[in-house]
Amino acid sequence: MLILGIETSCDETAAAAVEAVNGKIKVLSNVVASQIEIHKKYGGVVPEVAAREHVLNILPVVHEALEEARVSAMSSRGAERRGNLKFGAINQRSPRSLRSLAMTKLDAIAVTVGPGLITSLLVGVETAKSLSFVWNLPLIAVNHIEAHLYSNFINHPEISFPAVALTVSGGHTSLVLMNGHGRYKLLGETRDDAAGEAFDKAAKLLGLGYPGGPAISREAAKWKHHSPSGGAKSKIKNQKSEIILPRPMIESGDFDFSFSGLKTALLYQLKKDKNWKARVPEYAHEFEQAVVETLVSKTVKAAKKYNVKNVMLAGGVAANRRLRERLKRAVARELPPAGFYLPEFKYTTDNAAMIAANGYFKALKKEYTPYHKVAAEANLELKQLN
Ligand code: KG4
Ligand code: ZN
């Protein structure tokens, strides 16, 4: 089965084609046009600007994804030719080649319908509806959070259930029990800021750039090797920090999270510390520790309670090296023989391969929606079904 995925829920315009056979998913193309450079100067995503960029990018991105898929599906020299494909060149191609590619190859189109920024979502949704109409292809409505979870299945068809999945992104932090494909129970979520949002806000307070997650990680890594005497590359490891931030709700007894108080605690500490600009790596390190410890602790508790076979990590914050390592170690130490899965780096932040992968599992159950009934929904919730 060959599925085209389309994703425009925030500031990434993405399209991908995946080929799936007996649960095994092969990504034939994974094209992402990122708007990070555009939104950087505003310190965050500006919805109106994001939507306009999606409108400009969506067709070239879909076109490139289809071109690449055909090349890599047909010859081993695909990779060489892929490298030469440039947007400019695609813009000049005739629409007819786009049409013939899709008509000969695709089985369905999967598109993110929510949650996300409504003006951004609309571009992907309306494009997918139009393509589904003109190409007469079935349409699959995909939940963005569910799709993040499916980034794990791209390389791991063997993941068995029950499994616990921690999805941490710029807009969401949720712990989900997965009892089978499409069968979820929401165990807990954030009551205020998402983990990625907390990283972004903390980075702003520390005068670091956008997006904040990678910036905080980079600074935090510097602190480990920073000597108190100012020598740049001291070998002192596991140096103890004098800065202590709270681990919010870590002993709350449920599986919910809260990160807005953590950001406020950081703000107060910075206000009290006249010398904070010289200690940015140390603050970044402690902030990252506080978020990671809270996420790992609750995930492990949930996995134990539900006696799961596997633990999965997904979402943009899953790109965080410390989180990946700590959770992996905790699962190995506290939950043997449970397996631990995380997506490849390129499938952690927003992409359309995960949308198409999720689409495949829905297509197996014929979960298609007539194009005129597909609508973008900013606050779409995960459908719970045991
Ligand atoms: O999944 P994603 O691309 O978009 C949403 O669906 O929100 O996640 C983006 C979020 C941003 O908040 C970004 O700061 C965070 O993921 N992020 C990270 C790292 N890389 C990206 N957070 C912590 N550490 C990272 N290395
Ligand atoms: Zn996302």
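One-based numbering along the sequence shown. For ligands, and for the atoms within them, numbers begin at 1 and follow the listed sequence.
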**Steps toward side chain to side chain contact (heavy atoms under 4.5 Å, CB included) verdict (R326, Q289)** = CA-CA 10 Å; R326 289 291 160 93; Q289 281 284 104; 3.4 Å; yes

Identity and separation of the nearest protein heavy atom to [atom]:
| atom | result |
| --- | --- |
| atom 18 (C) of ligand 1 | G213 CA, 3.5 Å |
| atom 12 (O) of ligand 1 | D200 OD2, 2.8 Å |
| atom 21 (C) of ligand 1 | G316 O, 3.4 Å |
| atom 24 (N) of ligand 1 | N320 ND2, 3.1 Å |
| atom 15 (C) of ligand 1 | V317 CG2, 3.9 Å |

**Prompt:** Would H148 count as a contact of ligand 1 if the rule is a heavy atom under 4.0 Å away?
**Reply:**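 It does, in that a heavy atom of H148 comes within the 4.0 Å cut-off of ligand 1.
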
**Prompt:** Would you say H144 contacts ligand 1, with heavy atoms under 4.0 Å as the rule?
**Reply:**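 Right, H144 reaches ligand 1.
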
Could you list the atoms of ligand 1 found under 4.0 angstrom from a heavy atom of [X]?
| X | result |
| --- | --- |
| T349 | 3 (O) |
| A319 | 20 (N), 26 (N) |
| S217 | 24 (N), 26 (N) |
| G196 | 12 (O) |
| G171 | 7 (O) |

Testing the basics here: between [X] and [Y], what is the closest heavy-atom pair and its distance to 0.1 Å?
| X | Y | result |
| --- | --- | --- |
| M312 | I159 | SD-CD1, 4.0 Å |
| T13 | V61 | O-CG1, 3.9 Å |
| Y360 | V21 | OH-C, 4.2 Å |
| A194 | T173 | CA-OG1, 3.4 Å |

**Request:** Count the heavy atoms belonging to other residues, nucleotides or ligands that lie under 6.0 Å from CD of Q384, then report whether that count exceeds 12.
**Result:** yes

**Request:** Could you tell me which N, O or S atom of D350 is nearest to the Zn ion (ligand 2)?
**Result:** OD1

**Asked** Looking only at non-hydrogen atoms, which of G44, C10, S9, G170 approaches atom 7 (O) of ligand 1 most closely?
**Response** G170

**Request:** From the options D350, V32, N351, select the one whose nearest heavy atom is closest to atom 4 (O) of ligand 1.
**Result:**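 The nearest heavy atom belongs to D350.
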
**Asked** For F345, is the NZ or CZ atom of R321 found under 6.0 angstrom from the centre of its six-membered ring and inside 45 degrees of the ring axis?
**Response** no

**Any N, O or S atom of H148 closer than 2.8 Å to the Zn ion (ligand 2)** =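 An N, O or S atom of H148 is closer than 2.8 Å to the Zn ion (ligand 2), so yes.
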
**Asked** Below 2.8 Å, any N, O or S contact between H144 and the Zn ion (ligand 2)?
**Response**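 Yes, since at least one N, O or S atom of H144 sits under 2.8 Å from the Zn ion (ligand 2).
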
**Message:** I want to know if ligand 1 touches G315 in the polar sense, i.e. an N/O pair below 3.5 angstrom.
**Reply:** no

**Asked** Between K328 and E325, does at least one N-O distance fall below 4.0 Å, as a salt bridge requires?
**Response**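 Between E325 and K328 there is no salt bridge, as every charged N stays at least 4.0 Å from the carboxylate O atoms.
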
**Message:** For D254, is there an ion pair with R191 - N to carboxylate O distance below 4.0 angstrom?
**Reply:**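 Looking at R191 and D254, the cut-off is met.
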
**Request:** Please state whether the rings of F199 and F287 are parallel, tilted or perpendicular, taking 30° and 60° as the class boundaries.
**Result:**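 Ring orientation of F199 relative to F287: perpendicular.
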
**Message:** For the aromatic rings, using the six-membered ring if either is Trp, is the centroid distance between H181 and F161 under 6.0 Å?
**Reply:** yes

